[in-house]
Amino acid sequence: MFELGKVQSLIIVKELDFGVYLGKELNASIDDRVLLPKKQVPQGSKIGDKIEVFLYKDSKDRMIATTNRPQLCVGEVGKLKVSQVTNIGAFLNWGLEKDVLLPYKEQTYKVKEGDEILVAIYVDKSSRLAATMKIYHYLQCDSNYKKDDIVRGTVYEIRQEFGAFVAVDDQFTALIPRNELYGEIKVGDIVTARVAAVKEDGKLDLSVREKAYLQISKDAETIMKLIENYDGKLPFTDKADPERIRQETGMSKNEFKRAVGNLLKGGKIIITSNAICAK
């Protein structure tokens, strides 16, 4: 049988005024043929020639071949642009005459026309090609990245109990664990991160922060800028509630304490019972 949504090499088995029929074998039966429209037939082609084509379904739900290549085939992950939003979902431009549908149930957040979003292509229950933003199971676990490598990826899902799921290079599965989430990270963001660990199954754990000894000076700078914003007096100390520290500084309580200790040792601040002041 033909492979819907994939590029494959087929043989011209019959020529017609409106195109050619293709099959896997020269004597393919009528039920085992697919049409390649005339405008898609390479000049000089004849019966018996092999042609590489992509198979999809036309507006009448008929299998059809094209020599054009879509940006993504079945099982592949990549970014496509939203061309239209309708009452059944969003249509994405993927390089063919007919856009591919992203059903509402396959959206992880509301998209709008012009958005460029990370999706995978799959075959739905009605044997039609469609797109999904739920890409976890389509990502690979065989990257060559090692611990402490710097990577870039797209955040495609955030779950409070786990953290932020990231598609590194838009193809490898990775996670910024909940305790490593700092600042304003949201779905769709492109993040640069450090590989904190490579799991046995190849999945990556990421950190958006440097190693502790490198991060202290950056955190110290952040605290000094924050003190400046508070007119020289930060209205809490390292004894404050961890959640307040995280909200105000984007640091854990331990990271905040390390940076404050660094500033204190350097003679840049003084600490009172309820505040940190610039010296």
Side-chain angles (χ1 to χ4, degrees), residues 1-8 10 18-22 33-42 51-140 152-159 164-174 185-191:
M1 293 297 291
F2 297 120
E3 293 184 278
L4 181 66
K6 294 187 177 181
V7 174
Q8 52 220 275
L10 298 177
F18 49 85
V20 298
Y21 275 115
L22 307 175
R33 298 176 183 179
V34 63
L35 177 68
L36 177 65
K38 187 174 182 178
K39 63 181 178 181
Q40 293 283 317
V41 179
I51 302 178
E52 277 205 344
V53 293
F54 177 79
L55 300 186
Y56 69 114
K57 289 192 174 181
D58 64 14
S59 55
K60 294 183 179 178
D61 211 29
R62 298 172 300 191
M63 182 90 78
I64 195 165
T66 177
T67 51
N68 292 331
R69 298 294 177 90
Q71 291 172 245
L72 299 174
C73 293
V74 163
E76 294 180 344
V77 178
K79 286 179 178 165
L80 299 177
K81 184 170 284 188
V82 178
S83 58
Q84 185 182 13
V85 177
T86 71
N87 61 352
I88 61 171
F91 284 91
L92 311 180
N93 183 339
W94 64 331
L96 299 184
E97 290 183 9
K98 181 186 177 185
D99 290 345
V100 65
L101 175 67
L102 170 65
Y104 278 115
K105 67 182 179 64
E106 296 298 330
Q107 297 179 22
T108 56
Y109 65 90
K110 189 175 181 179
V111 303
K112 60 184 185 300
E113 187 175 326
D115 283 352
E116 194 170 53
I117 56 176
L118 193 62
V119 297
I121 302 298
Y122 71 103
V123 179
D124 68 13
K125 292 179 180 178
S126 302
S127 297
R128 298 186 185 95
L129 296 175
T132 179
M133 295 169 73
K134 300 171 184 177
I135 63 171
Y136 180 81
H137 296 291
Y138 296 92
L139 295 173
Q140 302 171 39
R152 279 170 58 84
T154 303
V155 177
Y156 64 89
E157 185 177 358
I158 295 178
R159 296 177 64 178
F165 291 89
V166 179
V168 169
D169 299 335
D170 293 344
Q171 61 179 314
F172 301 112
T173 185
I185 294 178
K186 59 186 184 299
V187 173
D189 283 352
I190 296 174
V191 296

Can you tell me how far apart [atom1] ([X]) and [atom2] ([Y]) are? Round to the nearest 0.5 Å.
X: Leu118; Y: Thr108; atom1: CG; atom2: OG1; result: 9.5 Å
X: Ile135; Y: Thr154; atom1: CD1; atom2: OG1; result: 8.0 Å
X: Lys39; Y: Asn68; atom1: NZ; atom2: CG; result: 8.5 Å
X: Glu106; Y: Leu101; atom1: CD; atom2: CG; result: 9.5 Å
X: Gln71; Y: Trp94; atom1: CD; atom2: CH2; result: 10.0 Å
X: Leu80; Y: Asp99; atom1: CG; atom2: CG; result: 9.5 Å

Any side-chain heavy atom of [X] sitting closer than 4.5 Å to one from [Y]?
X: Met133; Y: Ile117; value: yes
X: Thr67; Y: Leu36; value: yes
X: Val119; Y: Val100; value: no
X: Val85; Y: Tyr104; value: yes
X: Lys186; Y: Tyr109; value: no
X: Thr86; Y: Phe91; value: yes

Q) For residues 66-91, which residue pairs qualify under salt bridge (Lys or Arg N to Asp or Glu O under 4.0 Å), counting only residues two or more places apart or in two chains? A) Glu52-Arg69, Lys79-Asp170
Shortest non-hydrogen contact from [X] to [Y]?
X: Ala164; Y: Val155; value: CB-CG1, 4.3 Å
X: Ala174; Y: Val168; value: CB-CG2, 3.6 Å
X: Pro37; Y: Ala65; value: CD-O, 3.4 Å
X: Ile121; Y: Tyr138; value: O-CE2, 4.2 Å
X: Leu55; Y: Leu129; value: O-CD1, 4.0 Å
X: Phe54; Y: Cys73; value: CE1-SG, 3.8 Å

Is the backbone of [Y] close enough, under 3.5 Å, to the side chain of [X] for a donor and an acceptor to pair up by distance?
X: Gln107; Y: Leu102; result: yes
X: Asp124; Y: Ser126; result: yes
X: Lys57; Y: Ser127; result: yes
X: Thr132; Y: Lys134; result: yes
X: Lys112; Y: Val82; result: no
X: Asn93; Y: Gly95; result: yes
X: Gln8; Y: Glu3; result: yes
X: Asp58; Y: Lys60; result: yes
X: Gln40; Y: Thr66; result: no

Q: State which residues pass side-chain contact (heavy atoms from CB on, under 4.5 Å) with Lys98; sequence neighbours excluded, sorted by chain then number.
A: Tyr56
(Q) Using the rule given for side-chain contact (heavy atoms from CB on, under 4.5 Å), can you reason through Tyr21 versus Leu35, listing the C-alpha separation, both sets of side-chain angles and the distance that settles it, and then say yes or no? (A) CA-CA 5 Å; Tyr21 275 115; Leu35 177 68; 4.0 Å; yes
Q: Kindly assign one of parallel, tilted or perpendicular to the pair Tyr136 and Phe165, based on the angle between their ring planes and the thresholds 30° and 60°.
A: perpendicular
Q: Could you please spell out the steps behind the side-chain contact (heavy atoms from CB on, under 4.5 Å) verdict for Val123 and Val74?
A: CA-CA 7 Å; Val123 179; Val74 163; 4.0 Å; yes
